[in-house]
Amino acid sequence: MSKITKWDSMEVLHESKNLPIYPHKAKLQRAVKDNSFLVVTGETGSGKTTQLPQYLHQAGFWRDGKIGVTQPRRVAAITVAQRVSEEMHCSLGREVGYQVRFDDCTSEDTVVKYMTDGCLLREILTDPVLSQYSVIILDEVHERSLNTDILLGLLKQTVSSTDEACKGRSLPLKVVVMSATLETDKLSVFLGGCPVFTIPGRSFPVICRFGCAIGEKDTESTVYVKEVVKMALDVHTGEPAGDILVFLTGQSEIEKACDILYEKAESIDYRYDVQDGKVEGLLILPLYGSMPTDQQKQIFQPPPPGIRKCVVATNIAATSLTINGIKYIVDSGFVKQLNHNSRVSMDILEVVPISKSEAQQRAGRAGRTSPGKCFRIYNQEFWEKCMPDYTVPEIQRTSLTSVILTLKCLGVHDVIRFPYLDRPEERFIMEALKQLYQCDAIDRRGKVTALGELMVEFPLPPGLTRALLQAASLGCEDLLLPVAAMLSVENIFIRPGHPEKQKEADKKHRLLAEQAGGCNDFTILLSVFEKCKASDHPSAWCKNHFIHWRALKSAFSVETQLREILVRLQKKRDFPMEKFDGNKSELFRRCLCTGYFTNVARRSVGKVFCTMDGHGSMVHIHPSSTLFDQEAQLDWVIFHDVLVTSRVYLRTVCPIRYDWVKDLLPKLHEVDVYELSSVARQEVTDEEMAKWDSKESAKRQAGVSVEETIKKMEKRNDESSVTDARARYQQRKLERQQRKAP
DNA sequence: GAGCACTGC
């Protein structure tokens, strides 16, 4: 009651009446009342993220339920909530709050709730009709994050379907979709032709210029690194005061570029004297995600008088971090992108040209506080021929295994005809179904199993969850929980760029491996986790052992969260329990096999292994593995993931015994595509089921042995898609060598 | 014999 009187009587004192969205206030409030769906579009500075939730609050929507606002990123959810709570004169966590992973800052009073899109998706799992909410606002929809895309489809279904799906709701849910001005018609059509509100932005004009150096055929890293450096120096000597932001693709490129800049900038004797001061020197600052946090913070410090700042960054500066004072952009035109290859079931990290919309996003970073300029090092031809209009949405280039399980658990059985804004390729869906079937999350009819219901609770890839649950049912979860946590954070082993430090780091890592027993890479992760946790000075211990302290800290949080989820599930009566007699090391590895038997490889000749997943890819053990150089003693191994560079490398490897996976192997080729597409559409009739069963038994009767299957898989060797990526990689290497030669 | 962007639960 108290909150009702408070908000009814209290006028909102501080209101940003100067924002471009303000004149639209009444119309927006009306439009949300009158429509189930609404698209609101406006570029940066329109005030839509901070103001619209307040307008809806003032219009009284909070009386019917919370106003939920999603963001693709944690920091955004937190900082916007902070701002809005100030504007509404309440303390953060009361009327205005936020929820992100590991940090729930909400209370019973919370009526305006900012959260990450992933958090809302979790919430839908326990409350499918979102009975707590009157309005859901999806923000930054143009970024097309996987979770936002899924939410979009789910909310469309929930709101459009009349009675059945809305049980538990007294009033219909309102959905507002906010996006930058791109593709809003498409969104409106997707949401049944709903109205579109356009709010003018408030950013400054940015003049874009094309270069002439990079054309259609220049995709070699050394070329564009040199070119951005040259361009940055030209800006420095030729343009008035204002900081520079350079976009490159990764850490090593950035370090290279900075090295050249340090060298050249020092040799420039340069004074620029005009109006507001002079530019004398250049302050060069690298910026990428894996950099220590305190070093990242330096970026935000204003430069000393007379000094121009030049930040050389990855895409992290495109959306995640905003640097004030940037007036000039130097755009390489490239980005590193993780693409999933369903032909070989591998993720491949590739350098690709950015999209035109991404280029505009980068340019926009120069016009936040004053007019700016954007220097693109590529030419018009590159823009026309190599750069797509839009970035392929994440849902179309990522493994869908987790997402499909989530959908299935939400009762979306027909995962092919689910309303996707952009439909993923059918083979991506088939691959996900196959993996889910293989780790017992769904049955042959595509129905979620009891195990699958447990698995969906964990924020982990299903295979790893399967291994964890197996361990839990055998009473050895203490071995798997830390490993699962370590595998879901960034790489914990630091390997510096300088050769001497590198040697030292390798030595320390080898020592850690020896102390852990040196038998496999999973055990090393467990050992490092435990050693650090037991240490009196964990951060010093990490530094001493070349271990990433920030990563390990987050592994500790993840482990705690996973343990909490597990304890909650174990209280359920039907949690599976089994017995096992044998030694702990074997138990540990057998649990891994249960989840990772899809990632199994057998040594064929020399140091070459062949995957048994049905693709028969030829792979090698990565040199960072403790098993590297011991290949001759190995036969069967399982692995956590692969890295495609000059070769296909297995990382985080564990030797196993053939008879641990023998019984599981037939499952790798049991399902055929015809079955899967029926399963995906949920059209499995009893006759079909009977047919499949008889086929299975016929196979068994014919005595198709596991050994024969293995032979068949080795023969297939279907790795052409990886070969493509590798060929490109080697081509680049060759070009580099040729360039060095003269 | 090592060539990994970013985000999220």
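Order of the sequence lines sets the chain letters (A, B, ...), proteins ahead of strands, with each chain counted from 1.
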Side-chain donor-acceptor pair under 3.5 Å between [X] and [Y], yes or no?
| X | Y | value |
| --- | --- | --- |
| A/Gln71 | A/Tyr98 | no |
| A/Glu123 | A/Tyr133 | yes |
| A/Asn315 | A/Glu358 | yes |

Next on the checklist: Taking 4.0 Å as the cut-off, does a side-chain nitrogen or oxygen of A/Thr314 come that near to OP1 or OP2 on B/dC6?
Outcome noted: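 Affirmative; the distance criterion is met.
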Checklist entry - Counting only side-chain N and O atoms of A/His622, is one of them less than 4.0 Å from OP1 or OP2 of B/dG3? => result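 Answer yes for this pair, as a side-chain N or O of A/His622 is under 4.0 Å from OP1 or OP2.
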Side chain of [X] - closest among [options]:
| X | options | result |
| --- | --- | --- |
| A/Arg101 | B/dA2, B/dC9, B/dG1 | B/dC9 |
| A/Ser320 | B/dA5, B/dA2, B/dT7 | B/dT7 |
| A/Ile316 | B/dT7, B/dG3, B/dC9 | B/dT7 |
| A/Tyr288 | B/dC6, B/dG3, B/dA2 | B/dC6 |
| A/Val100 | B/dC6, B/dA5, B/dC9 | B/dC9 |

[X] ring center near [Y] ring center (under 6.0 Å):
| X | Y | result |
| --- | --- | --- |
| A/His340 | A/Phe428 | yes |
| A/Tyr596 | A/Phe522 | yes |
| A/Phe546 | A/Phe493 | no |

Whole angstrom is fine here: how far is it from [atom1] in [X] over to [atom2] in [N]?
| X | N | atom1 | atom2 | answer |
| --- | --- | --- | --- | --- |
| A/Glu253 | B/dC6 | CD | P | 12 Å |
| A/Leu151 | B/dG8 | CG | P | 15 Å |
| A/Ile354 | B/dC6 | CD1 | P | 16 Å |
| A/Leu321 | B/dC6 | CG | P | 10 Å |

Checklist entry - In terms of ring plane angle, is the pair A/Phe382 and A/Tyr378 parallel, tilted or perpendicular, where the classes change at 30° and 60°? => result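 Plane angle between 30° and 60°, so tilted.
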Next on the checklist: Can you list, in residue-number order, the parts of residues 114-122 of chain A that come under 4.0 Å of DNA chain B, counting heavy atoms only?
Outcome noted: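 Listed by number, they are A/Thr116, A/Gly118, A/Cys119, A/Arg122.
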Have a look at [X] and say if it touches a base, only the backbone sugar-phosphate, or nothing, with a 4.0 Å heavy-atom cut-off.
| X | result |
| --- | --- |
| A/Arg495 | base |
| A/Tyr649 | sugar-phosphate |
| A/Leu146 | nothing |
| A/Glu143 | nothing |

Item to check | Residue mapping more 5' on DNA chain B - nearest nucleotide basis, A/Gly250 or A/Ser488 | outcome: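 That would be A/Gly250.
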